[in-house]
Amino acid sequence: MSTYIIQGGSPLRGTVGVNGAKNAALKLMAATILTEETCVITNVPDITDVRTMIEVLNCLGAEAEFRPDGTIVVTADGGLTDRAPYELVSQMRASIMVLGPLLARLGRAHVALPGGCNIGSRQIDMHLASLKRLGAKITTEHGYIEGEDGRLRGAVIPLDFPSVGATENVLMAAVLAEGRTVIENAAREPEIIELAAFLTAMGANINGAGSSVIEIDGVERLHGAEHVVLPDRIEAGTLLIAGAMTGGDVTVQGAVAGHLELLLEKLKETGAGITVSDEGVRVTMTGRPKAVDVATLPYPGFPTDLQPMMAAYLAVADGASVLTENVFENRFLYIDELNRMGADMRLDDHHAIIRGVEKLSGAPVRVPDLRAGAALLIAGLAAEGETVVYDAGHIDRGYQDIDSKLRDLGACITREG
Ligand code: EPZ
């Protein structure tokens, strides 16, 4: 895998753009198989996960094209198969998002069970229980999910936990079901609103997206649509934390402050200056951050996807912080790597106890997962001396050209391999 080499210590200064949201784009792509007409999705980031989803769509028999300008064109007219193979699903868990659309469009699906990943077992029990409530006959044999029935039928779907993926799979299954579906305790992330907007543009009948209760009245068929992907709030948050951690002055163009409220509040509590304008969000920071406690929760709580980067930032805070992870069971794999850079962190159940140190020191580190990789990048930017970030390919899953963006802000970072 590739490697980043960073000489730390340069404050990031300037303006940087943010790409389209990975965690929206992947689901919008899955939704295109709900119609035989052509769909066009623009502002899609060129990242590994998007390229994997293109492969999944083509493997299902759709014609999916990813153009250099970030436009994706998909036509799933004839000859759709219902098989999403293990080789692709194991590469990217989000492939499971084709399950709902396949059941809705074909009345059947044969999708490999996604494995766990470094941050947790990533169960899909809520996905499967919900689809069964819609009338799908779901069995899991030989590592595959077999879903079969005719047309799905609307139902009330209470979610034990506001799972993003389960909400999205049900949403995409219910739009072509017979009658009304009501999702209770639905996820409220901006990406849910985005998916509902795209489905509505395709002719779906959805109310309440973004709230805990979503109502869907099934329709006979959906037509093609066009959609522009919203800015990636996690990339924006990553860049803002990097600006604060390096004691810089960074404006993230296109960042939607309303999608980052808790992060911006926490950055202000640490002593950072935050300015919100039509252009985006600007962060300024001088001196050491103050220690703050953070607990991740489903949206609109503090995003779990920004938890590792916040830990890196708090590693150099003046004081002790408690960082609590309430969404995933194993999202602290970066702690050992940050401690090799001189941080003072220890894990107590699902709490990271972080005693701030004056400075981190550059060191060779290895990336265990996507967002841990972003945290190690940020730590290297602020550390004294050289940091070599190995297995940086994990970072490419969710960030397009992150090194050139950071170089444009004054970072001393190069990529090898
Ligand atoms: C989405 O994952 C995102 N991924 C994650 O981002 C994000 O961290 C997560 O939502 C929470 O915001 C994509 O959108 C592709 P969940 P998802 O279902 O849908 C458990 C990143 O770094 N659970 O809300 O898988 C699950 O194990 C990625 O960009 C069940 O137990 O999240 C987890 O502990 C990481 N059973 C918790 O719920 C289920 O059936 C939250 O999962 C479903 C989920």
Side-chain angles (χ1 to χ4, degrees), residues 19-31 45 47-50 52-53 56 89 91-100 113-133 138 140 145 157-172 183 185-195 212 229-230 232-238 259-260 262-263 296-310 325-334 350 367-375 394-400:
N19 288 100
K22 161 177 93 80
N23 291 348
L26 296 176
K27 296 35 166 320
L28 299 174
M29 292 168 74
I47 53 178
T48 321
D49 277 8
V50 165
T52 303
M53 187 56 95
V56 170
V89 177
Q91 269 181 54
M92 180 187 64
R93 298 181 30 70
S95 315
I96 190 66
M97 301 315 299
V98 301
L99 180 58
L113 274 167
C117 71
N118 277 344
I119 63 175
S121 62
R122 309 295 295 274
Q123 300 293 323
I124 58 165
D125 52 314
M126 286 187 274
H127 295 240
L128 302 184
S130 301
L131 293 170
K132 284 178 185 167
R133 278 179 173 264
I138 303 264
T140 54
I145 304 161
I157 313 281
L159 293 179
D160 292 345
F161 176 89
S163 154
V164 172
T167 302
E168 292 164 332
N169 244 331
V170 173
L171 203 47
M172 291 190 279
I183 307 174
N185 195 24
R188 297 166 52 192
E189 274 72 1
E191 292 76 29
I192 304 283
I193 299 173
E194 187 84 353
L195 177 60
S212 297
V229 181
L230 84 167
D232 192 319
R233 61 194 169 96
I234 305 304
E235 184 190 19
T238 305
H259 294 165
L260 289 163
L262 270 200
L263 171 70
T296 69
L297 282 169
Y299 195 89
F302 190 94
T304 173
D305 290 348
L306 289 174
Q307 179 262 93
M309 302 74 131
M310 200 67 188
E325 173 56 53
N326 291 312
V327 178
F328 288 102
E329 63 262 36
N330 186 27
R331 201 164 202 174
F332 292 109
L333 294 175
Y334 56 83
H350 62 303
V367 173
D369 61 74
L370 164 58
R371 303 304 177 183
H394 289 284
I395 301 171
D396 298 338
R397 292 192 48 198
Y399 295 91
Q400 178 181 343

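Every number for a ligand or one of its atoms is a count from 1 in the order of the listing. Computed from a predicted structure; not experimentally measured.
- Looking only at protein heavy atoms, the nearest one to atom 22 (O) of ligand 1 is Arg371 NE, 2.9 Å.
- Neither side chain, Glu191 nor Asn23, offers a donor N or O lying under 3.5 Å from an acceptor on the other.
- Residues Asp369 and Ala372 come closest through the heavy atom pair OD1-N, 3.0 Å.
- In this structure, atom 19 (O) of ligand 1 lies nearest to the protein heavy atom Gly165 N, 2.8 Å.
- Considering every non-hydrogen atom in both Ala236 and Leu260, the closest pair reads CB-CD1, 4.0 Å.
- When the heavy atoms of Ile96, Asp305, Leu26 are ranked by distance to atom 6 (O) of ligand 1, first place goes to Asp305.
- Within the 4.0 Å heavy-atom criterion, the part of Phe161 lying near ligand 1 is the side chain and not the backbone.
- When hydrogens are left out, the protein atom nearest atom 15 (C) of ligand 1 is Asn23 OD1, 3.4 Å; that is the closest non-hydrogen contact.
- Under 4.0 Å is where a charged nitrogen must lie from a carboxylate oxygen, and between Asp49 and Arg93 no such pair does.
- The protein non-hydrogen atom at the shortest distance from atom 36 (N) of ligand 1 is Asp125 OD1, 2.6 Å.
- Across Pro45 and Gly20, no two heavy atoms sit closer than the pair CG-O, 3.3 Å.
- With hydrogens and angles disregarded, no donor-acceptor distance shorter than 3.5 Å links the side chain of Gln307 to the backbone of Thr296.
- Atoms of ligand 1 found under 4.0 Å from any heavy atom of Lys22, numbered from 1 in the order shown, are 21 (C), 29 (O).
- Looking from atom 2 (O) of ligand 1 to the surrounding protein, the closest heavy atom is Arg122 NH2, 3.6 Å.
- Between Glu325 and Arg331 there is no salt bridge, since no side-chain N of the basic residue sits under 4.0 Å from a carboxylate O of the acidic one.
- Heavy atoms of other residues, nucleotides or ligands lying less than 6.0 angstrom from CG of Asp125 number more than 12.
- Residue contacts with ligand 1 for Lys27 involve side-chain atoms from C-beta outward but no N, CA, C or O (heavy atoms, distance under 4.0 Å).
- Shown here for Val98 and Ala30, the closest heavy-atom pair between the two residues is CG1-CB, 4.3 Å.
- Of the protein's non-hydrogen atoms, Ser163 OG, 2.7 Å is the one closest to atom 18 (O) of ligand 1.
- The protein atom (non-hydrogen) at minimum distance from atom 32 (O) of ligand 1 is Phe328 CZ, 4.2 Å.
- In the candidate list Met92, His127, Gln123, Gln123 is nearest to atom 31 (O) of ligand 1, counting heavy atoms.
- Remark: among candidates Asn330, Val164, Leu128, the nearest residue to atom 24 (O) of ligand 1 is Val164, based on non-hydrogen atoms.
- Scanning the protein heavy atoms around atom 20 (C) of ligand 1, the nearest turns out to be Met126 CE, 4.6 Å.
- Using a 4.0 Å cut-off between heavy atoms, Arg331 contacts ligand 1 through its side chain alone, with no backbone atom that close.
- When all heavy atoms of Gly237 and Leu263 are compared, the closest pair comes out as CA-CD2, 3.5 Å.
- Using a 4.0 Å cut-off to heavy atoms of Val327, the atoms of ligand 1 that qualify are 33 (C), 34 (O), 37 (C), 41 (C).
- Counting all heavy atoms, side chain and backbone alike, His394 lies closest to Pro368 at CE1-O, 3.9 Å.
- Under the 4.0 angstrom criterion, atom 43 (C) of ligand 1 counts as having a protein heavy-atom contact.
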